[in-house]
Amino acid sequence: NLTACSSKYVLSQVHPMWQGPLAVPGGDRQSPIDIVVRMSVFDSELKPLVNDYDPDTCQQIWNNGYSFLVEYDDTTDKSTLKGGPLQDKFRLCQFHFHWGESNAWGSEHTVDRRLFPAELHLVHWNADKYSLFEEAVMEDNGLAVIGVFLKVGKRHEGLQKLVDALPTIRHKDSVVEFNRFDPACLLPSNTDDYWTYHGSLTTPPLTESVTWIIMKQHIEVSHDQLAVFRSLLFTSAEEDVQKSMVNNFRVQQPLCGRTVRSSFS
Ligand SMILES: COc1ccc(C)cc1NC(=O)Nc1ccc2c(c1)[B-](O)(O)OC2
Ligand SMILES: [Zn+2]
């Protein structure tokens, strides 16, 4: 729908979590999107991704009232991402997931309209250009986010350590120490095949600062592991009505003439 692209301000969908429309300045590169495979353009210049994560930089896991975040110490270059479509070196700051109340939906991006039960986002910021995540999140080319689709299948051994910590952060704003988790274990075996496009955060402030790198290959987690995600709560311990943390995804946004490039033909 071109109207959503040409207007100076686009009203993002009225999202249950955000109580009403959100005006986003100049919203013509919003995320997530549907990746139409046959419309993506193979770019032979795209390099393999180079991720170099140090599990010792893992610090804590917390429930922010919308997802759960595993946060990393990003004060040094110990956990970095470069290569792929990126010109600069990016530092890992956190990863989180989006999921549905059922296995039928939950991802933010889709591939030829196909929904996955969940999607992992590994968030990095441009440490060559900025000195803080808070700065980079407001700037063009400030963030690089790796998206990985989750499918329900065999149990993911690496994920289990994280799943076991979730009951200790059931409520919004709860935090626990979380150490020595290697996020590389959540990447698919093949990270050379991906789609990439310029987009935005999918939650406020919805800034258009993200180079998205969406993996073609998904990872598998078990039904029971995903069920523990759904045992989290949007609400804090004080609230008298507890709401289960499910469907924490944004609806697909208009492509507005953007090209999605693929690293594979
Ligand atoms: C209230 O939220 C904030 C307050 C202050 C600052 C500096 C940033 C944020 N939000 C933020 O970083 N969101 C955010 C960051 C990265 C990603 C996403 C959301 B996603 O689209 O889900 O995947 C990648
Ligand atoms: Zn996300």
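Start at 1 and go down the list; that is how both ligands and their atoms are numbered. Note that these values count all heavy atoms, side chains included, but never hydrogens, waters or copies made by symmetry.
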Worksheet item: Can we say Lys89 and Asp77 salt-bridge, meaning some charged N sits less than 4.0 Å from an Asp/Glu carboxylate O?
Response: yes

Worksheet item: Would Asp88 and Lys129 pass as an ion pair if we require N to O under 4.0 Å?
Response: yes

Worksheet entry | Contact bool for atom 4 (C) of ligand 1 (protein heavy atom, d < 4.0 Å) | no

Worksheet item: Which value, rounded to the nearest 0.5 Å, describes the distance between Trp62 atom CH2 and Gln94 atom CD?
Response: 9.0 Å

Worksheet entry | Under-4.0 Å heavy-atom contact with ligand 1, by part of Val123 that carries it | side chain

Worksheet item: For Pro205, is the nearest heavy atom under 4.0 Å from an atom of ligand 1?
Response: yes

Practice prompt. Please find out if less than 6.0 Å separates the ring center of Phe68 from that of Trp99.
Written response: yes

Worksheet item: Taking the Zn ion (ligand 2) as the vertex, how big is the angle to NE2 in His96 and ND1 in His121, rounded to 10°?
Response: 110°

Worksheet, complete the sentence: ligand 1 atoms nearer than 4.0 angstrom to some heavy atom of Leu201 are 11 (C), 13 (N), 14 (C), 15 (C), 16 (C), 17 (C), 21 (O)

Discussion item. Do the side chains of Asp128 and Arg91 get close enough for a salt bridge, i.e. N-O under 4.0 angstrom?
Written reply: no

Practice prompt. Could you list the atoms of ligand 1 found under 4.0 angstrom from a heavy atom of Thr202?
Written response: 20 (B), 21 (O), 22 (O)

Worksheet item: Looking at the Zn ion (ligand 2), which N/O/S atom of His98 is the nearest one?
Response: NE2

Worksheet item: Which atoms form the tightest heavy-atom contact between Ser209 and Val137, and what is the distance?
Response: OG-O, 2.9 Å

Worksheet item: What atoms of ligand 1 come within less than 4.0 Å of a heavy atom belonging to Thr203?
Response: 13 (N), 14 (C), 19 (C)

Worksheet entry | Nearest-neighbour protein heavy atom for atom 12 (O) of ligand 1, which is reported as residue plus atom name and distance | Phe133 CZ, 3.3 Å

Item to complete: Check whether any heavy atom of Met138 sits under 4.0 Å from an atom of ligand 1.
Response: no

Worksheet item: Of the backbone atoms (N, CA, C, O) and the side-chain heavy atoms from C-beta on, which set of Trp212 has a member under 4.0 Å from an atom of ligand 1: side chain, backbone, both, or neither?
Response: side chain

Worksheet, complete the sentence: Looking at Ser67, Gly199, Ser200, Pro204, the heavy atom closest to atom 2 (O) of ligand 1 belongs to Pro204

Item to complete: Answer yes if the ring centres of His109 and Tyr197 are under 6.0 angstrom apart, and no otherwise.
Response: yes

Worksheet item: Are Lys161 and Phe178 in a cation-pi contact, defined as NZ or CZ under 6.0 Å from the six-membered ring centre and within 45° of the axis?
Response: yes

Worksheet entry | Cation-pi check, Lys216 onto Phe264 ring (under 6.0 Å, within 45° of axis) | yes

Worksheet item: Among protein heavy atoms, which sits nearest to atom 23 (O) of ligand 1, and what does the distance come to when rounded to 0.1 Å?
Response: His121 ND1, 3.1 Å

Worksheet item: Looking at His98, which atoms of ligand 1 are within less than 4.0 Å of one of its heavy atoms?
Response: 22 (O)

